[in-house]
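Notes follow the structure.
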Amino acid sequence: MAHETTIPLLPCRSLDDVAPFYQALGFQVTHRQARPNPYLALRRGDLNLHFFGMPEFDPATSYGSCLVVVDDLVAIHRAFAAGLRAAYGKVLVSGVPRMTRPRPRANQDGHSGFSIVDPGGNWIRFVGRATAPDTDDRGGLARALRNAVVQADSRSRPDQAVRILDGALARPDAADDPATHVEALVYRAELALVLDRPQDAREWLRRAGAVPLDEELRDRLADTLRHAADLTAALPPS
């Protein structure tokens, strides 16, 4: 068999919640109906997502999910982030809906991925198709960071991710790379926002900004520093 297409059918409470969010990400509505049942079809390139409306549905209890394998993970994440900034004035990093950023995952053999949690509470999980790069896991912080990402971004357990990361950050390792230290601090700030602790997030971002970086490290951390700026923009006024 060849040329088959699988399209996820995902629940939502209201099509009026889902459609604008995905349109901000660059999706087009290819079909919409209210009767006999609410139904929405969306497409972005070769990616199709369909939704059915259930007025009594609670996004907080959703188990809806699908996996999307892409060639250029960074490019699609950047496009989504730009769309969110244009539509909402910021990248949505906490609450529902929200988007995580690409990070290697310990449970995906080092492959990077990110997730979108849409207004219906569905997890759309993006993974890079390319062979996973060799990762430098010297130092406990690098290993802890990858394990924390699994807990929060794959299993929706930010509380467990915090415990893993806080333990590693409290025990500095001489083998820890300064870039990994910044990555971990910025991710810890993101977790604080997810857990609705904005003052904690502010402090973690301050600590990340205080790490001395030369030009080479700043280049390596360009996406992380951009994400830190997005987190800062998401903070409520102090």
Considering all heavy atoms, the nearest L49-C66 contact: CD2-SG, 4.0 Å
Ring pair (Phe, Tyr, Trp, His ring centres under 6.0 Å) evaluation trace for F21 with F27: CA-CA 9 Å; F21 175 75; F27 285 77; 9.0 Å; no
Hphob cluster co-occupancy, M54 + Y39, side-chain heavy atoms under 4.5 angstrom: yes
Audit row: H77, F126, ring pair (Phe, Tyr, Trp, His ring centres under 6.0 Å) steps and yes/no: CA-CA 9 Å; H77 183 271; F126 290 80; 9.2 Å; no
E215 bridged to R218 by N-O distance under 4.0 Å: no
Under 3.5 Å donor-acceptor, R171 side chain and G167 backbone: yes
Minimum side-chain heavy-atom gap I164-Q151 below 4.5 Å: yes
Ion pair D177/R220, N-O distance below 4.0 Å: yes
Distance-only side-chain donor-acceptor flag, H31 / Q33, under 3.5 Å: yes
Carboxylate-amine/guanidinium proximity below 4.0 Å for R103 and E190: yes
Heavy-atom neighbours of D46 CG exceed 12 at 6.0 Å: no
Least distance between heavy atoms, F57 atom then S62 atom: CZ-CB, 3.4 Å
Gap separating the CD atom of Q28 from the CZ atom of R44, nearest 0.5 angstrom: 10.0 Å
side-chain contact (heavy atoms from CB on, under 4.5 Å) between H181 and L141, worked out: CA-CA 7 Å; H181 189 203; L141 188 56; 4.2 Å; yes
L195 CG to R197 CZ distance, which is reported to the nearest 0.5 Å: 4.5 Å
Nearest heavy-atom neighbours spanning G120 and V18: N-CG2, 4.4 Å
Interatomic spacing from CG in L67 to CH2 in W123 - rounded to 0.5 Å: 13.5 Å
Salt-bridge contact D16-R32 (side-chain N to carboxylate O under 4.0 Å): yes
Derivation and outcome, side-chain contact (heavy atoms from CB on, under 4.5 Å), residues F51 and Y22: CA-CA 11 Å; F51 297 86; Y22 279 100; 3.4 Å; yes
Hydrophobic cluster membership, V182 vs L193, 4.5 Å side-chain cutoff: yes
Heavy-atom pair of closest approach, residues V211 and P178: CG1-O, 4.5 Å
Single-linkage hydrophobic cluster V74~L84, side-chain heavy atoms < 4.5 angstrom: no
Check: N48 and T6 side chains under 4.5 Å, non-hydrogen atoms: no
Residues D200 and R202 bridged, charged N to O under 4.0 Å: no
Neighbour count >12 (heavy atoms, 6.0 Å) for atom CZ, R43: no
L169 with V186, same ILVMFWY side-chain cluster at under 4.5 Å: yes
Gap separating the CG atom of L217 from the CG atom of D214, nearest 0.5 angstrom: 4.5 Å
Side chain T232, main chain A228, donor-acceptor under 3.5 Å: yes
Heavy-atom pair of closest approach, residues G140 and D176: N-OD1, 3.5 Å
Heavy-atom closest pair, residues V93 and A234: CG2-CB, 3.8 Å
Inter-residue atom distance L165.CG - R163.CZ, 0.5 Å rounding: 12.5 Å
Main-chain N/O of R143 paired with N147 side-chain donor or acceptor, under 3.5 Å: yes
Side-chain ion pair, D230 and R101, N-O less than 4.0 Å: no
Flag side-chain contact, heavy atom, 4.5 Å: R129 against V127: no
Derivation of the side chain to side chain donor-acceptor pair (under 3.5 Å) call for R125 and S65: CA-CA 7 Å; R125 306 173 190 270; S65 184; 3.1 Å; yes
Same cluster (ILVMFWY, side-chain, under 4.5 Å), I76 and Y88: yes
Pairwise side-chain contact, P158 with D153, heavy-atom cut-off 4.5 Å (strictly under): no
T224 vs H227 side-chain heavy atoms within contact, under 4.5 Å: no
Check: T5 and I7 side chains under 4.5 Å, non-hydrogen atoms: yes
Candidate pair L231 and L205, rule side-chain contact (heavy atoms from CB on, under 4.5 Å), full reasoning: CA-CA 8 Å; L231 296 176; L205 288 169; 4.1 Å; yes
Side chains of F52 and P11 in contact at under 4.5 Å (non-hydrogen atoms): yes
Step-by-step side-chain contact (heavy atoms from CB on, under 4.5 Å) determination, H50 to L10: CA-CA 6 Å; H50 290 195; L10 301 167; over 6 Å; no
Flag side-chain contact, heavy atom, 4.5 Å: F114 against M99: yes
